[in-house]
Amino acid sequence: CRYLYSHGHRSVGYIRTEPKISGPPLLADYFRKGAELLGMQIEVIESEVSYGEFSAEKSSECIQNYLEAHNGQLPFTALFCESHDPAVAIAGRLLRCGIRIPEELAIIGFDDLLYSQFFNPPLTTVRQPYEEFGRLAYEYVRRKLAEPDYFAQIEIKPTLIERSTT
């Protein structure tokens, strides 16, 4: 949110591209809270993805329907997609609908898969440190086996990879 705010965006869309689960707060919850703390307007779009569905296709159809319901105009200047494949599919769909990226709409994906840099325009995305996840999980399990009462809360910070969609 801070990155989008610092680039002048005050109205953002957030498209849920993963199935809803109950339990701890989700990425959408944190994104919404961050946007609200900055005084940004936020619109959460539900793509109604179910387990087992290909979320890129469903999310692309969802943004098409959303665009049609708003007379071809989006009420926000930036869109955050909670997964990478749907972000690419959504950006492609919006480009085919005549939305200029990033001139009319900034888009950020999440995961930074290899091909994001080859999308046209290259996708700005949030990279998760998968190698660090693996290393920390190994260390946690190793220590837990040695010390059954061991507990640690681990915070891992992702990295924003700025490319051409913002």
Side-chain angles (χ1 to χ4, degrees), residues 1-60 62-63 76-91 102 105-119 121-166:
C1 289
R2 285 190 306 257
Y3 172 81
L4 293 172
Y5 186 87
S6 72
H7 282 76
H9 299 283
R10 299 299 181 263
S11 180
V12 296
Y14 181 103
I15 186 160
R16 283 188 189 263
T17 58
E18 299 296 318
K20 285 185 185 179
I21 59 171
S22 59
L26 301 174
L27 183 57
D29 301 321
Y30 291 115
F31 191 89
R32 178 180 293 159
K33 180 172 258 183
E36 289 171 353
L37 287 171
L38 292 168
M40 300 169 80
Q41 294 179 348
I42 182 166
E43 172 126 9
V44 176
I45 304 166
E46 301 288 345
S47 61
E48 304 298 329
V49 174
S50 301
Y51 285 101
E53 285 186 295
F54 185 54
S55 63
E57 182 178 325
K58 185 92 172 203
S59 299
S60 176
C62 175
I63 202 68
F76 39 80
T77 61
L79 180 64
F80 183 86
C81 305
E82 60 183 19
S83 186
H84 184 82
D85 288 336
V88 170
I90 287 166
L105 180 72
I107 297 182
I108 298 179
F110 193 84
D111 280 340
D112 191 34
L113 299 180
L114 176 64
Y115 61 86
S116 62
Q117 60 191 309
F118 303 113
F119 181 74
L123 184 68
T124 297
T125 185
V126 176
R127 178 182 292 160
Q128 297 187 79
Y130 291 113
E131 288 181 16
E132 186 177 358
F133 287 162
R135 182 184 60 74
L136 290 171
Y138 168 79
E139 290 298 325
Y140 183 87
V141 170
R142 187 181 63 73
R143 185 153 177 200
K144 185 75 169 170
L145 289 171
E147 304 170 42
D149 292 335
Y150 175 74
F151 174 80
Q153 185 170 348
I154 301 168
E155 184 178 306
I156 299 174
K157 296 189 185 235
T159 304
L160 179 72
I161 307 300
E162 187 174 1
R163 294 195 180 102
S164 300
T165 58
T166 54

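Residues: numbered from 1 along the sequence shown.
- The main-chain N or O of A28 is found under 3.5 Å from a side-chain atom of Y14 such that the two form a donor-acceptor pair.
- Two residues are said to be in side-chain contact when any heavy atoms from C-beta on lie closer than 4.5 Å; P86 and I15 fail this criterion.
- For the atom pair Y140 OH and I154 CD1, the distance stands at 7.0 Å (nearest 0.5 Å).
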Walk me through it: do V44 and R32 pass the test side-chain contact (heavy atoms from CB on, under 4.5 Å)? CA-CA 8 Å; V44 176; R32 178 180 293 159; 2.9 Å; yes
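- Heavy-atom contacts from other residues, nucleotides or ligands closer than 6.0 Å to CZ of R2 number 12 or fewer.
- Using a 4.0 Å cut-off between charged side-chain N and carboxylate O, E139 and R142 make a salt bridge.
- Residues M40 and C1 approach most closely at SD-O, 4.0 Å, considering heavy atoms.
- Of the possible polar contacts, one joining the S47 side chain to the R16 backbone as a donor-acceptor pair under 3.5 Å is found.
- Few gaps surround NZ on K144; more than 12 heavy atoms of other groups in view lie less than 6.0 Å from it.
- Going from atom CD1 of I161 over to atom OG1 of T124 covers 9.5 Å, rounded to the nearest 0.5 Å.
- Residue E131 places its CD atom among 12 or fewer non-hydrogen atoms of other residues, nucleotides or ligands, all under 6.0 Å distant.
- Heavy-atom minimum distance, C62 versus I45: SG-CG2, 3.6 Å.
- No donor-acceptor distance shorter than 3.5 angstrom exists from the side chain of R127 to the backbone of P158, with no hydrogens or angles considered.
- Under the 3.5 Å distance criterion, with hydrogens and angles disregarded, no donor-acceptor pair is assigned to the side chains of Q128 and D112.
- Interatomic distance, CD of E162 versus OG1 of T125, reported as 12.5 Å (0.5 Å rounding).
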Assess whether side-chain contact (heavy atoms from CB on, under 4.5 Å) is satisfied between D111 and Y130, documenting all intermediate values. CA-CA 10 Å; D111 280 340; Y130 291 113; 3.0 Å; yes
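- Taken to the nearest 0.5 Å, the CG atom of L105 stands 5.0 Å off from the CD1 atom of I107.
- With rounding to the nearest 0.5 Å, the separation of CG in L4 from CZ in F80 is 8.5 Å.
- The line from OG of S83 to CG of L113 is 7.5 Å long, rounded to the nearest 0.5 Å.
- Nearest approach of L123 to A87, heavy atoms of both residues: CD2-CB, 3.9 Å.
- The two residues P121 and S164 make their nearest non-hydrogen contact at CB-CB, 3.8 Å.
- Scanning both residues, F76 and A78, for their nearest heavy atoms gives CD1-O, 3.3 Å.
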